[in-house]
Q: 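Let me give you the structure first, and then I'll get to my questions.
No hydrogens, no waters, no symmetry mates; every other heavy atom, side chains included, goes into these values. A note on names: the letters A, B, ... follow the listed sequences, proteins ahead of strands, and every chain is numbered from 1.
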Amino acid sequence: MNTQQNIYKPKDFENKWQDKWEETHIFRALDFSDRPKYYSLVMFPYPSGDLHMGHMRVYTISDVISRHRRMLGYNVLNPMGFDAFGLPAENAAIERKVPPKQWTEKNIDYMKNQQLKRMGTSYDWEREVISCNSDYYKWTQWIFLQFYKNGLAYQKEAPVNWCEKCQTVLANEQVEDGMCWRHDDTPVIKRMMKQWFLKITNYAEELLSDIDKLSGWPERVKLMQKNWIGKSEGAEIEFYVDGRPDLKIPVFTTRPDTIYGVTYLVLAPEYKLVSELTTKENKIKIEEYIKQTGLLTEVERLSENKEKTGVPLGSFAVNPFNGKKIPIWISDYVLLDYGTGAVMGVPAHDERDFEFATKYKLDIKQVISVDGLERKLSAAYIDPGIMMNSDIFNALDNESGKKKTIEHAESKGFGKKRITYRLRDWLISRQRYWGCPIPVIYCEDCGVVPVPESNLPVLLPEDVELTGSDGSPLLRAKNWLEVNCPKCSKKGRRETDTMDTFICSSYYFLRYSDAKNDKEVFSKNNINYWLPVDQYVGGIEHAILHLLYSRFFTKSLRDFGLLKFDEPFANLLSQGMVTMFSQKEGKIAKMSKSKGNIVGTSEFFNEYGADAARLFILFAAPPEQEVEWSTQGAIGQYRFLERIWRLFFNLKENVFKGTTFSPYEGFVGIQNLNSVSQELYRIANQTIKTVSEDISDKKYTFNTAIARMTELVNAMYKFLLDKKSFDENEKSVLSFSFTNLIKLLAPLAPHITEELWEKFSGVYSIHQQKWPSFDKEALITDEVELVIQMGGKKIDVLTTKKGQAQKDLEKIALSHEKVKARLEGKELVKIVVVPDKIVNIVVK
RNA sequence: GCCCUUGUGGCGGAAUGGUAGACGCAACGGACUUAAAAUCCGUCGGGCUGUAUAAGUCCAUGCCGGUUCGACUCUGGCCAAGGGCACCA
């Protein structure tokens, strides 16, 4: 029992099986099958070139789910691809003079063959999508044209987020705390630019209300999306300019009940009427203020500590409710792109307005209080109350006041009910080279002309020089840039901005359903067969970004008639991050290259194998929680695998000796077994039951599944201890236990189980075996453990016959020595009996 | 400021109203070995009493209360850590 083959050496066979799985296509998803379909998806990676243990988690979790479903008999789609456009490739090109395409392809090759494959993943690579390849981005462009045709893609001049380091604009979702999401040291600047937007706001209401349909999503993700969409209900009320009844200034407010308390209006500095409404004597001041505002970063402008500033225009507006004249100001705390870009100032009932009015000595007029009587105000009164100083609305409670004032405005024609969302339209233009070209041509005569679908793809020119300065290199790609207008054939010029890469990732999961189709983005049959995704696994960092965009794309494509479902991802699992101590940060932090706390996959695989790494990552914590990487802990899982490996040879060579040792299919039956065998048989079946539950989509607690399997292995070792010979029944139980153990373990540790299965059965492959079922008979026992409590405290645990009557259990408890001793001198209050579980005796 | 999540041994975690600490890591002891490693078998929350590796007993799931025969689990308040939103009118 000390031969070479008895030593567990994953290096000897992990790669062998990975190659064989690929050659035999056992993970191929069939378009249409009698078996039920299951779409298992993991967020496709950006090809940065080197995966570490931190990345490994998401792929492992998703792989276990896929492999388990196959064993359950599903036709599983488990695809993989690369989100291959993006800035890092371009930056690498500038620094190292390697063309982005070459850099990207090299990374993809390495990640695919040296990393993802070496983890033992079970992807159907025949459906691979690479977003920077023209056979993919042709469809990115095609989809853009559908948005354009349907009026959901448009250009507008707007204050947009600019990152100086990225040298491009960003979507709102890509700004975190006023900083660029890629550069947390670079504040975003607002710039006025003409850019392409997608009208995601058209879907704000549906994106919000359909969140309630997402029963398979984590609550925290749903909540984050709700907050991001940020619905608020109120009214739009039109003030008009004094002396200029033709000029109207609509404002949005959630507090129409405070309309009689308005003492001024404030416009965003970028508001279009500002210069027209500025009087001569204020002109210089106003221009100066607008200039100042333009220089501020978003962080500075939105900082709450910053004292509010503003300048009066010199002109006046009229409150349509009471005809009162009020001054018009501009201030940078008013945002152009929310509501109407203008707000009414009600200092008595809004904290910001109170601060502003106090500073600039503007009137403060109270219109609501607890009891409807005027009170001294030292701060804004924002609580509910009774209205006053409000003409016909006096003495109303302010909630009904909201309704009544809106009704009044509607009947008079100067206002209406309005709902506003915090969500803004999605800015998709990027002033970068390495992205999908926006298929649009500018013609002097025809204006904006979309590239005809038959001319797609608009290829990204490859013979460009990347300098990192002077704007996009596409501006200098003359041959590419200058084209004839598709409409009038006169001279035209291509759009040089490329698309946000989040566009590419907003439909890749749809394309997987029909990845090789060169006629359509996907066929109706394929899309409606495979989608929605049954289980999506990915990081919490996409709680808003990618997941919101993808929902928006799905709903839009549905409305274009391309697919038939409302939501793309039925179930979502947001795995926690992998952490490790970082010298640089001086604390435990997310594993990442920049923090210098990474453990590479190859080093560990070479030493201990991918199976041990997979098991550790699954074992250390439930999937949603953080996991701190511990090589020591991973070695613990390696030892577990070693124990299984040795167990196999021990059984084969010592227990079964000359006789055949092969898988035991079916049940042994508990009747004929002696008590020790019964015990092991029971544990084996209990293991099948609990592991099946733990690994199922109801729980996904892989950590406890592994613990249960460890217990079974421990029990088998115990069974073998000090025993020299085994009868047929005992051998059957051992074989049964081992057979089911490796089947249960197969999705989690695919290599060792495949290798042992081959040695055990001679059959390929364990991953095509049926998932085990358990022998219900074996779990029926006639004895149970009965806990005796007094006043809720445990006194003793007895083994008793199952199914005894309440009275009998009471008797057992009351005749217990310790109970008798404690009852002395006390009064028995009552006895609580939970049959087969507990007897609790309450005394006074 | 508002909203959400999480607090359990030396450590990761288990137990969602019924035996707190499964399983693993670390540590310690024993067997095997000339020895070490590996392996196999054990011990492993804390206090106190103790015949002392027996047996007993009390305390313990962030803190203070509540509901209940019984609370890590439900509930109210507080504290701490992490996350989201934040001049959104």
Side-chain angles (χ1 to χ4, degrees), chain A residues 1-2 7 176-178 218-228 230-232 234 251-255 258 266 268 301-306 308 331-335 337-346 349-353 355-356 420-424 540-541 543-544 576 615-616 619-622 624-637 639-640 642-643 646 690 701 703-711 713-714 717-718 720-722 785-798 818 829-834 836-843:
Chain A
M1 162 76 191
N2 227 346
I7 300 167
E176 294 170 355
D177 290 330
E219 284 305 317
R220 60 173 170 160
V221 174
K222 292 197 273 186
L223 200 72
M224 279 163 77
Q225 293 216 353
K226 274 185 191 167
N227 290 341
W228 187 260
K231 182 176 184 171
S232 54
V251 300
F252 172 71
T253 177
T254 54
R255 296 294 305 274
T258 63
V266 199
R301 179 163 168 181
L302 298 180
S303 160
E304 245 185 304
N305 305 328
K306 178 180 161 265
K308 290 192 184 6
S331 171
D332 61 9
Y333 81 84
V334 178
L335 307 170
D337 54 357
Y338 183 78
T340 61
V343 300
M344 59 188 214
V346 188
H349 305 291
D350 182 283
E351 283 165 347
R352 290 156 307 180
D353 296 347
E355 187 195 328
F356 193 78
T420 300
Y421 301 88
R422 218 187 62 99
L423 181 73
R424 311 294 154 86
I540 187 75
E541 66 273 18
I544 295 167
L615 281 194
F616 173 73
F619 179 71
E624 300 84 359
Q625 266 178 57
E626 269 181 21
V627 160
E628 191 187 345
W629 174 263
S630 150
T631 300
Q632 204 49 249
I635 291 171
Q637 291 307 309
R639 281 201 285 262
F640 169 55
E642 275 188 310
R643 269 163 80 76
R646 279 193 302 264
T690 48
T701 50
N703 55 331
T704 52
I706 294 167
R708 295 292 90 83
M709 289 188 264
T710 309
E711 282 175 309
V713 172
N714 291 347
Y717 266 82
K718 208 167 193 176
L720 294 177
L721 198 68
D722 295 332
E785 293 202 318
L786 183 74
V787 177
I788 311 293
Q789 290 186 339
M790 288 190 77
K793 279 189 180 171
K794 182 177 68 172
I795 299 298
D796 202 359
V797 185
L798 307 174
K818 282 189 189 171
V829 179
K830 73 175 185 178
I831 306 180
V832 181
V833 181
V834 182
D836 293 337
K837 256 189 177 169
I838 210 159
V839 179
N840 188 14
I841 297 160
V842 188
V843 293

Q: Could you tell me how far B:rU8 sits from B:rA81 if I compare only their P atoms? Round to whole Å.
A: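 Looking at atom P only, B:rA81 and B:rU8 are 14 Å apart.
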Q: Quick one, A:K793 and A:M790 - any side-chain contact, counting heavy atoms below 4.5 Å?
A: no
Q: Quick check: does any side chain N or O of A:D796 sit under 3.5 Å from a backbone N or O of A:I788, one acting as donor and the other as acceptor?
A: no
Q: Applying ring-ring contact (aromatic ring centres under 6.0 Å, His included), name anything that partners A:F252, two or more places apart in sequence or on another chain.
A: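 ring-ring contact (aromatic ring centres under 6.0 Å, His included) check on A:F252 returns nothing, list empty.
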Q: If we take the C1' atom in both B:rG9 and B:rC2, what is their distance in whole Å?
A: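 It comes out at 37 Å once rounded to the nearest Å.
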Q: What pairs with A:D177 under salt bridge (Lys or Arg N to Asp or Glu O under 4.0 Å), at least two apart in sequence or on another chain?
A: none
Q: Between N or O atoms, less than 3.5 Å apart, protein on one side and nucleotides 40-47 of chain B on the other: list the pairs.
A:
residue: B:rC40; atom: OP1; partner: A:R643; partner atom: NH1; Å: 2.8
residue: B:rC40; atom: OP1; partner: A:R646; partner atom: NH2; Å: 3.3

Q: What closest approach, in Å, do A:E628 and A:F616 show between heavy atoms, and which atom pair accounts for it?
A: O-CZ, 3.8 Å
Q: Show each protein N/O and nucleotides 25-32 of chain B N/O combination with a separation under 3.5 Å, one pair to a line.
A:
residue: B:rC25; atom: OP1; partner: A:R639; partner atom: NE; Å: 3.2
residue: B:rC25; atom: OP1; partner: A:R639; partner atom: NH2; Å: 2.8
residue: B:rA26; atom: OP1; partner: A:Q632; partner atom: OE1; Å: 2.6
residue: B:rA26; atom: OP2; partner: A:R639; partner atom: NH2; Å: 3.2

Q: For B:rA89, does OP1 or OP2 lie under 4.0 Å from any side-chain N or O of A:S232?
A: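 Answer yes for this pair, as a side-chain N or O of A:S232 is under 4.0 Å from OP1 or OP2.
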Q: Can you tell me how far C1' in B:rA20 sits from the matching atom in B:rG84, rounded to whole Å?
A: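 Pairwise C1' distance, B:rA20 against B:rG84, rounds to 33 Å.
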Q: Taking the P atom of each, how far is B:rG18 from B:rG70, in whole Å?
A: 15 Å
Q: Of the nucleotides B:rC87, B:rC85, B:rA22, which one has an atom closest to the side chain of A:D332?
A: B:rC87
Q: Can you name the nearest heavy-atom pair linking A:D353 to A:V346, along with the distance?
A: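 Nearest pair, atom of A:D353 first, then A:V346: OD2-N, 2.8 Å.
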Q: Output the rounded distance in Å from CE (A:M709) to P (B:rA22).
A: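 So the two atoms are 19 Å apart, to the nearest Å.
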Q: Quick one: is B:rU6 close enough that its OP1 or OP2 comes under 4.0 Å of any side-chain N or O from A:R220?
A: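 No, no such contact exists.
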Q: Over all strands shown, is A:V334 touching base, sugar-phosphate only, or nothing at heavy-atom distances under 4.0 angstrom?
A: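 The answer is base, as A:V334 lies within the cut-off (heavy atoms under 4.0 Å) of a base atom.
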Q: Roughly how many Å apart are B:rG82 and B:rG76, using the P atom of each and rounding to a whole number?
A: 25 Å
Q: Just how far, in rounded Å, is P of B:rC2 from CD of A:E351?
A: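 Distance, rounded to whole Å: 11 Å.
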Q: Between A:V334 and A:A268, what is the shortest heavy-atom contact and its length?
A: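 Minimum heavy-atom contact is O-CB, 3.4 Å.
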Q: Whole angstrom is fine here: how far is it from CD in A:E785 over to C1' in B:rA22?
A: 14 Å
Q: Step through it carefully: locate the ring centre of A:F640, locate the ring centre of A:F619, and say whether they are under 6.0 Å apart.
A: no
Q: Taking only residues two or more places apart in sequence, or in another chain, which ones meet A:D836 in a side chain to side chain donor-acceptor pair (under 3.5 Å)?
A: none
Q: How would you list, by chain and number, every residue that makes a side chain to side chain donor-acceptor pair (under 3.5 Å) with A:T631, sequence neighbours excluded?
A: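 So A:T631 forms a side chain to side chain donor-acceptor pair (under 3.5 Å) with A:W629.
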Q: What's the shortest heavy-atom distance between A:M344 and A:R255, and which atoms?
A: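 Taking every non-hydrogen atom into account, CE-O, 3.6 Å.
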Q: What distance, rounded to whole Å, do you find between the two C1' atoms, one in B:rG17 and one in B:rU67?
A: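 The same atom, C1', in both gives a distance of 12 Å.
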Q: Would you write the dot-bracket representation of RNA chain B, where each base gets (, ), [, ], | or . depending on whether it forms a Watson-Crick or G-U pair under 3.5 Å and with which partner?
A: (((((((..(((.....[....))).(((((.......))))).(((((.....)))))..(((((..]....))))))))))))....
Q: Work out which heavy atom in A:Q225 is nearest to a heavy atom in A:I544; give both atom names and the distance.
A: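 That would be NE2-O, 4.1 Å.
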Q: Flag this pair as yes if the NZ/CZ of A:R643 is under 6.0 angstrom from the six-membered ring centre of A:Y717 and inside a 45 degree cone about the axis; otherwise no.
A: yes
Q: Could you give the distance separating B:rU68 and B:rU53 at their P atoms, to the nearest angstrom?
A: 46 Å
Q: Send over the distance from A:K794 NZ to B:rG56 C1', rounded to a whole Å.
A: 14 Å
Q: Pull out every protein N or O sitting under 3.5 Å from an N or O of nucleotides 69-71 of chain B, one pair per line with the distance.
A:
residue: B:rC69; atom: OP1; partner: A:K830; partner atom: NZ; Å: 3.4
residue: B:rC69; atom: O2'; partner: A:N840; partner atom: ND2; Å: 3.3
residue: B:rC69; atom: O2; partner: A:N840; partner atom: ND2; Å: 2.4

Q: Round to the nearest Å and state the distance from A:K222 atom NZ to B:rU5 atom C1'.
A: 15 Å
Q: Considering non-hydrogen atoms only, spot the tightest contact between A:Y333 and A:F356 and give its length.
A: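 Closest heavy-atom pair between A:Y333 and A:F356: CE2-CD1, 3.7 Å.
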Q: Taking B:rU39 as the reference, what is the distance to B:rU49 when you measure between their P atoms (whole Å, please)?
A: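 To the nearest whole Å, 40 Å.
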Q: Could you pull out all residues at least two apart from A:Q632 that satisfy side chain to side chain donor-acceptor pair (under 3.5 Å)?
A: none
Q: Each nucleotide N or O in nucleotides 12-14 of chain B that has a protein N or O under 3.5 Å away: list the pair and distance.
A:
residue: B:rG12; atom: O2'; partner: A:A620; partner atom: O; Å: 2.7
residue: B:rG13; atom: OP1; partner: A:Q625; partner atom: OE1; Å: 3.1
residue: B:rA14; atom: OP1; partner: A:N703; partner atom: ND2; Å: 3.0

Q: Heavy atoms only, 4.0 Å cut-off, all strands: where does A:L223 land among base, sugar-phosphate and nothing?
A: sugar-phosphate
Q: Just checking A:E351: does its CD atom have more than 12 heavy atoms from other residues, nucleotides or ligands closer to it than 6.0 angstrom?
A: no
Q: Can you name the residues that form a salt bridge (Lys or Arg N to Asp or Glu O under 4.0 Å) with A:E785, not counting sequence neighbours?
A: none
Q: Quick one: A:D353 CG to B:rC87 C1', roughly how many Å, whole number?
A: 10 Å
Q: Could you work out, with side chain to side chain donor-acceptor pair (under 3.5 Å) as the rule, every residue matching A:E624, not counting sequence neighbours?
A: none
Q: Quick one: A:I788 CD1 to B:rG18 C1', roughly how many Å, whole number?
A: 12 Å
Q: To the nearest angstrom, how far is A:W228 atom CH2 from B:rC4 atom C1'?
A: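 Result: 17 Å.
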Q: Toward the 5' end of RNA chain B, which comes first, A:K837 or A:T254, by nearest nucleotide?
A: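 Its nearest nucleotide lies further toward 5', so the answer is A:K837.
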Q: Pull up the glycosidic torsion of B:rG13 and say syn or anti, syn being anything within 90° of 0.
A: anti
Q: Is the phosphate of B:rA89, meaning OP1 or OP2, less than 4.0 Å from a side-chain N or O of A:Y338?
A: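 For A:Y338, the contact criterion (side-chain N or O under 4.0 Å from OP1 or OP2 of B:rA89) is met.
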